[in-house]
Amino acid sequence: MKLNLILITAFVGTAAAALAAPSHAQAAPFVYVTNLTSNEVSQYDASPDGLLAPLSPSTVPAGVAPDGVAVSPDGESVYVANADSNSISQYGIGPLGALSPKSPATVAAGSNPFGVAVSPDGRNVYAADNGSASFGVSQYDVGSGGVLSPKSPATVAAGIGPEGLAVSPNGRSVYVTNKNGNNISQYDVGPGGELSPKSPAKVATGIGPIAVAVSPDSESVYVTNNVSGTVSQYDAGTGGALTPKSQPTVAAGTGFGPVGVAASGDGRSVYVANGADDSILQYDVGLGGELSPKSPPAVAAGDAPRGVTVSADDQSVYAADIGSDDVSQYNVGPGGHLSSKTPASIAAGVDPIGVASSPAPRVPTTKARCRHGGWRSFPQFKNQGQCIAFVNHHR
């Protein structure tokens, strides 16, 4: 098991996003996985039952040590943080899901970018710069064709060792984990997408915070604490400022275990990749966003799972297994319980670490997508009732 990598890599916290204009690329779901050591991105098509199959070609080149990966809300662009080449690779998504480099193929980032995320309106991209030369967040405008250009200023300060990064689904807040500072930075998003620190600028976490995810209603935030083996959980209050929930943390396996984290689009489940125990932990989301372990609390994964993502339809979960060079794939059953698909995994490149799936359709397809704040992912609705009425009318 490649545990030596547990503390030097980062993951993109998953946040459900409000979706922009329709795209030809949304005709089918796709999954993209960064391969840290082979310097490439694996690309997959997902069948109606969520089984992955390699696209042609099965991989595309990235920069050096690609880590975080994010798909734009319109399903037309993919962005990858290249930790050792200090850049963001930017790709267009073709009609069949295959990636092709934009022009230019990369844009400069700060020192050692790890996590990367796109704002719900698709107009901004942010990257967590982990290198000691910057310890900040790079921020970009998204221009014509999804091409990035640095904002002014190009970076804002973060804490010590920023890694995971997530944008709230309402687009008003950005959260960045600071692994070596044992805290999370929190930012307001300005009119042009520029970041400014909230008050306070940082909130305490457990030891070694790695990844962050935001609930679909933007009211809860979850952080994996790698060293202390817990998940911190917060209320996002007025203006998105974080305060610990009544139970500040929940257990997440052993120390040096929890890494990636993802929240389901229906707001009822949270999943955590546990690299030390080779498992995916699964939690129910209760009243007030409080987590409690499902039964069973964990399902088997490959060797040292790292990044984890939930498909847009909430029917599948995928995890990048850095130790076994594959992607574990799961069915999501009643109550959000996971079970392995057949086959249970599919090959990736060398040291797969980050994983992202294409966005949800522009309209809800089930009533579950409307409940528990999920209606906020569809900007045409003003409340849950409107969302459910739409589903009932179009079934």
Student: Any donor and acceptor pair, going by atom type alone, linking the side chain of N274 with main-chain N or O of A252 inside 3.5 Å?
Tutor: yes

Student: If every non-hydrogen atom of S218 is compared with every non-hydrogen atom of A236, which pair is closest and at what distance?
Tutor: O-CB, 3.4 Å

Student: Starting at OG of S345, measure out to CD of Q329 and round the result to the nearest 0.5 Å.
Tutor: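 Going from OG on S345 over to CD on Q329, the span is 7.0 Å.
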
Student: For the side chain of Q139 and the backbone of P153, is there at least one donor-acceptor N/O pair under 3.5 Å apart?
Tutor: yes

Student: Give the minimum heavy-atom separation between P162 and N130, together with the two atoms involved.
Tutor: O-ND2, 2.9 Å

Student: Measure the spacing between CG of N170 and CD of E219 and express it to the nearest 0.5 Å.
Tutor: 9.0 Å

Student: Provide the closest heavy-atom pair for T309 versus S357 in the form atom of the first, atom of the second, distance.
Tutor: OG1-OG, 3.5 Å

Student: Roughly how far, to the nearest 0.5 Å, is CG of L242 from CG of D235?
Tutor: 9.0 Å

Student: Side-chain contact test, heavy atoms from C-beta onward, threshold under 4.5 Å: evaluate it for V223 versus Y234 and give yes or no.
Tutor: yes

Student: Going from CD1 on I353 to CD1 on I322, what distance comes out if it is rounded to the nearest 0.5 angstrom?
Tutor: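 It comes to 4.5 Å.
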
Student: Between S232 and N225, is a side chain to side chain donor-acceptor pair (under 3.5 Å) present by the stated rule, with each step listed?
Tutor: CA-CA 7 Å; S232 292; N225 301 306; 2.9 Å; yes

Student: Please confirm whether the backbone N or O of A81 pairs with a side-chain atom of D67, one donor and one acceptor, at under 3.5 Å?
Tutor: no

Student: Given 3.5 Å as the limit, does a donor-acceptor pair link the side chain of T205 with the main chain of N182, or not?
Tutor: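 Yes.
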
Student: Do the side-chain N and O atoms of S111 and N86 include a donor-acceptor pair separated by under 3.5 angstrom?
Tutor: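 On atom types as modelled, these side chains do not qualify, holding no pair under 3.5 Å.
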
Student: For a quick test of reading the model, state the closest non-hydrogen atom pair linking G336 to Q282 and the distance between them.
Tutor: O-OE1, 3.9 Å

Student: Could you tell me whether the side chain of S269 and the main chain of S264 form a donor-acceptor pair under 3.5 Å?
Tutor: no

Student: Can you see which heavy atom on P73 is nearest to which on P359, and at what distance?
Tutor: O-CG, 3.4 Å

Student: Using atom types as modelled and distance alone, determine if a side-chain donor or acceptor of D278 lies under 3.5 Å from a backbone N or O of A304.
Tutor: yes

Student: Roughly how far, to the nearest 0.5 Å, is CD1 of I93 from OG of S358?
Tutor: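 S358 atom OG to I93 atom CD1 measures 7.0 Å (nearest 0.5 Å).
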
Student: Less than 3.5 Å apart, any donor N or O on the side chain of D141 or S149 sitting next to an acceptor on the other?
Tutor: no

Student: Using the salt bridge (charged side-chain N to carboxylate O under 4.0 Å, His left out) rule, take K179 and E163 through it: C-alpha gap first, then chi angles, then the decisive distance, then the call.
Tutor: CA-CA 7 Å; K179 183 194 70 178; E163 293 223 3; 3.5 Å; yes

Student: Check this for me: does any side-chain nitrogen of one of K151 and E194 sit under 4.0 Å from a carboxylate oxygen of the other?
Tutor: no

Student: Considering non-hydrogen atoms only, spot the tightest contact between G206 and P209 and give its length.
Tutor: O-CD, 3.7 Å

Student: Same cluster or not: are V174 and V156 linked, directly or through other Ile, Leu, Val, Met, Phe, Trp or Tyr residues, by side-chain heavy atoms under 4.5 angstrom apart?
Tutor: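 Yes.
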
Student: Closer than 3.5 angstrom, by distance alone: can the side chain of Q43 be matched with the main-chain N or O of L99 as a donor-acceptor pair?
Tutor: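 Yes; judged by distance alone, with no hydrogens or angles, the pair exists.
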
Student: Are F114 and F135 connected in the hydrophobic side-chain network, where two residues link if heavy atoms are under 4.5 Å apart?
Tutor: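 Looking at the clustering, F135 is in a separate group from F114.
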
Student: Side chains of K341 and S328: any donor to acceptor distance under 3.5 Å?
Tutor: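 No.
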
Student: Is any side-chain heavy atom of Y32 less than 4.5 Å from a side-chain heavy atom of V355?
Tutor: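 No, side chains not in contact.
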
Student: Determine whether the aromatic ring centres of residues Y140 and Y126 are separated by less than 6.0 angstrom.
Tutor: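 Here the rings of Y140 and Y126 have centres that are no less than 6.0 Å from each other.
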
Student: Could you walk me through whether I280 and L338 pass the side-chain contact (heavy atoms from CB on, under 4.5 Å) test, one step at a time?
Tutor: CA-CA 9 Å; I280 303 299; L338 301 185; 3.9 Å; yes

Student: When you look at D129 and S138, which way does the side chain to side chain donor-acceptor pair (under 3.5 Å) test go after all the steps?
Tutor: CA-CA 7 Å; D129 300 321; S138 293; 2.6 Å; yes

Student: Counting N and O atoms only, with roles assigned by atom type, does the side chain of T177 sit under 3.5 Å from a partner on the main chain of I210, one being a donor and the other an acceptor?
Tutor: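 A pair under 3.5 Å: yes.
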
Student: Quick one: does any side-chain atom of Y318 pair with a main-chain N or O of G50 as donor and acceptor, under 3.5 Å?
Tutor: yes

Student: Would you confirm whether D266, through its side chain, and R268, through its main-chain N or O, come within 3.5 Å as a donor-acceptor pair?
Tutor: yes

Student: Tell me, with the steps shown, if D351 and T37 meet side chain to side chain donor-acceptor pair (under 3.5 Å).
Tutor: CA-CA 6 Å; D351 293 336; T37 300; 2.4 Å; yes

Student: Any side-chain heavy atom of L148 within less than 4.5 Å of one from Y79?
Tutor: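 Yes, side chains in contact.
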
Student: Can you see whether S89 engages N82 through a side-chain donor-acceptor pair at a distance of less than 3.5 angstrom?
Tutor: yes

Student: Let me check something: do V80 and V64 share a hydrophobic cluster, defined by ILVMFWY side-chain heavy atoms less than 4.5 Å apart, either directly or through other members?
Tutor: no

Student: For S246 and E290, run side chain to side chain donor-acceptor pair (under 3.5 Å): C-alpha distance rounded to whole Å, both residues' side-chain angles, the deciding distance at 0.1 Å, then the answer.
Tutor: CA-CA 8 Å; S246 58; E290 298 265 359; 2.7 Å; yes

Student: How many angstroms lie between atom OG of S185 and atom OH of Y175, to the nearest 0.5 angstrom?
Tutor: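 One finds 12.0 Å between OG of S185 and OH of Y175.
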
Student: Quick one: which of V231, V272, V270 gives a side-chain contact (heavy atoms from CB on, under 4.5 Å) with V250?
Tutor: V231

Student: Would you say the side-chain atoms of S279 and D277 include a donor-acceptor pair closer than 3.5 Å?
Tutor: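 Their side chains do not contain a donor-acceptor pair, so the 3.5 Å distance test is not met.
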
